[in-house]
Amino acid sequence: MRTELNTKQARKLVATVLAGKNASFWNSWTNCVWKDNAKDATKRNLCFGIVGERFTEGDCKWLKLLVGCNKVHTTFGGRYLRLVGVKYDG
């Protein structure tokens with residue numbers, strides 16, 4: 001059974017995981033998902049600016065499994081964490 005956390009639950013989970021890694025985020029952003037040149041009203045992308053310990057590839061895979069989104073990865077040398085396709089509940 002695959003779980004799907006919504007954007008609010010995913011934010012809380014990321015904050016908890018960051019605290020466990022002795023890190024935090026200084027800001028977060030949300031934007032809509034585009035699929036086939038149209039907005040997908042059921043999904044959102046989340047991005048977190050990270051301070052402290054960086055996420056590994058294994059951390060990203062684990063977080064993807066917990067959240068149930070399409071992809072989790074870091075950008076700009078691990079300074080930003082992106083969650084792509086997170087369930088959105090209005």
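Quantities reported herein were computed from a predicted structural model and do not represent experimental measurements. Count residues from 1 along the sequence.
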I need the [X] [atom1] to [Y] [atom2] distance, nearest 0.5 Å.
{"X": "Tyr88", "Y": "Lys8", "atom1": "OH", "atom2": "NZ", "value": "8.0 Å"}
{"X": "Asn45", "Y": "Cys32", "atom1": "CG", "atom2": "SG", "value": "8.0 Å"}
{"X": "Leu83", "Y": "Lys64", "atom1": "CG", "atom2": "NZ", "value": "11.0 Å"}

Item to check | Partner residues of Asp59 under the salt bridge (charged side-chain N to carboxylate O under 4.0 Å, His left out) criterion, sequence neighbours left out | outcome: Lys21
Item to check | Sequence-distant partners of Lys43, salt bridge (charged side-chain N to carboxylate O under 4.0 Å, His left out), two or more places apart | outcome: Glu4
Next on the checklist: Applying side-chain contact (heavy atoms from CB on, under 4.5 Å) to Val84 and His73, what does each step give before you reach the verdict?
Outcome noted: CA-CA 9 Å; Val84 179; His73 66 280; 4.0 Å; yes
Checklist entry - Would you call the rings of Phe25 and Phe48 parallel, tilted or perpendicular if under 30° counts as parallel and over 60° as perpendicular? => result perpendicular
Side chain to side chain contact (heavy atoms under 4.5 Å, CB included) partners of [X], counting only residues at least two apart:
{"X": "Thr74", "value": "Phe55, Cys60, Leu81"}
{"X": "Arg79", "value": "Arg54, Phe76"}
{"X": "Thr42", "value": "Asp40"}

Next on the checklist: Among Asn6, Asn70, Thr7, Leu5, which residue satisfies the side chain to side chain contact (heavy atoms under 4.5 Å, CB included) criterion with Val86?
Outcome noted: Thr7
Checklist entry - Is it the case that more than 12 heavy atoms not belonging to Asn27 sit under 6.0 Å from its CG atom? => result yes
Let me have the donor-acceptor pairs involving side chains of residues 12-19, under 3.5 Å, with sequence neighbours excluded, atom names and distances please.
unit_1, atom_1, unit_2, atom_2, d
Thr16, OG1, Lys12, O, 2.9

Checklist entry - Would a 4.5 Å heavy-atom cut-off, applied to side chains only, mark Val72 and Val67 as touching? => result no
Item to check | Exam field: side chain Asp36 to backbone Ala38, donor-acceptor pair closer than 3.5 Å | outcome: no
Checklist entry - By side-chain hydrogen bond (donor to acceptor under 3.5 Å, both in side chains), which residues pair with Thr30, not counting sequence neighbours? => result Arg11
